[in-house]
**Q** 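Below you will find the structure I want to go over with you.
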Amino acid sequence: MIRAALFQSVRCASRSVVRTQLPASRAIAPCLSVSSTLYTRAPRHSGIRCYSAPAGLSKTEVEGRIMDLLKNFDKVKDASKLSSTSHFTSDLGLDSLDTVEVVMAIEEEFSIEIPDKEADSILSIDKAVNYILGQPDAH
Amino acid sequence: MTSKVAVCSLYRRSLKLALDWSVHRYIWRGQALYIRSLFEANKHVQEPRQQRALFEEAEALLERWKHPDPYIPPTAPGGSKYERNIPAPILDPPPHMTL
C-alpha cells in the first residue's frame, strides 16, 4: 500500500513539474499539452505520512485499549461491568494496590510515564482516557 | 496523609524502583508479584505505631536500593528530550523607533 501511495505521489509531483514547464515548452512542442490532458486527473494526494509523524490517538482507540487491558487483568471479577465510565474500585472491585498496578499497565501500554500526583487521581476509565488524550507523546 | 495514600505511594515507588533495576517487564513481573506479597503480608496492621515502623522500614529499603541512573521519560524534567524545540518566547519584531 505504501508503495502504491509513493508511486502516486511521485506521479503527482512529476505531473506538476510538467505543468510548470508548459508555458515555455508550448511553442516548441504543442503536442505536450495534448499528452498531459490524456491522463485522467488523479485525486490530489496529500503526500506520505512519515513514521515519525505524530498520529494522534482517537478517543475510541484509547478507550478500547484500556478496556482490553482491564479485560485481561485477572483481578477484575465482573468483566460485564466494564464500561467507559466504570470506576476501578467501586465497579470493578479492585483495591488500591490493584489500581496502582492498573496505572502502571496503562503506562506500559501507551509507553508514557505518569507522574505520581496524576497517577493518584486516575481512579476510573474515563479519567485515564482523558489523561492519555492530553498527552502528546502517548502512542 | 492517610495511611492508604502512603501505602499506595510506597507501592508505586517500589514498583518503579524494581523497574529501574530490571529494565525488561518480563523480569519485572516476578519482582512485582514479590513486592505485592510483601505488602499483602502486612495488610491487616492497624496499629499506627506499627504502621509507622513498617513505613520507615520500606523507606529505608527504597533508599538503600536507590538506582544511580533511574529511568527518566524523555519529555519529563531531566529527560533527554525535556524542553527540546520549545517555541521562541518573542516572535514580534521590536517596535519602530523614531528618534
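Throughout, a chain's letter reflects where its sequence line sits, starting with A, and its residues are numbered from 1.
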**Q** Quiz question: by atom type and distance under 3.5 Å, do the side chains of B:S22 and B:H24 form a donor-acceptor pair?
**A**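 Result is no, nothing qualifies.
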**Q** Taking the side chain from A:S121 and the backbone from A:E118, do they hold a donor-acceptor pair closer than 3.5 Å?
**A** yes
**Q** Would the distance check show the side chain of B:W28 and the main-chain N or O of B:L15 forming a donor-acceptor pair, the cut-off being under 3.5 Å?
**A** yes
**Q** Given a strict heavy-atom distance threshold of 4.5 Å, which part of A:D98 is in contact with chain B: side chain, backbone, both, or neither?
**A** both
**Q** For A:E113 and B:Y71, which I'm curious about, is there any donor-acceptor pair between the side chains at under 3.5 Å?
**A**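 There is no such pair (donor and acceptor under 3.5 Å, judged by atom type) between the side chains of A:E113 and B:Y71.
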**Q** Using only heavy-atom distances, determine whether the side chains of A:S84 and A:D126 contain a donor-acceptor pair under 3.5 Å.
**A**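 Not at all, the side chains of A:S84 and A:D126 share no donor-acceptor pair under 3.5 Å.
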**Q** Side chains of A:F110 and A:D137: does their closest heavy-atom pair fall under 4.5 Å?
**A** no
**Q** Is it the side chain or the backbone of A:D116 that comes within 4.5 Å of chain B heavy atoms, both, or neither?
**A**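 Contact with chain B is through both the backbone and side chain of A:D116.
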**Q** Output the residues of residues 80-99 of chain B for which the shortest heavy-atom distance to chain A is under 4.5 Å, in residue-number order; output 'none' if no such residue exists.
**A** none
**Q** Report yes or no: does A:R65 contribute a side-chain atom to a donor-acceptor pair with the main-chain N or O of A:E109 at less than 3.5 Å?
**A** yes
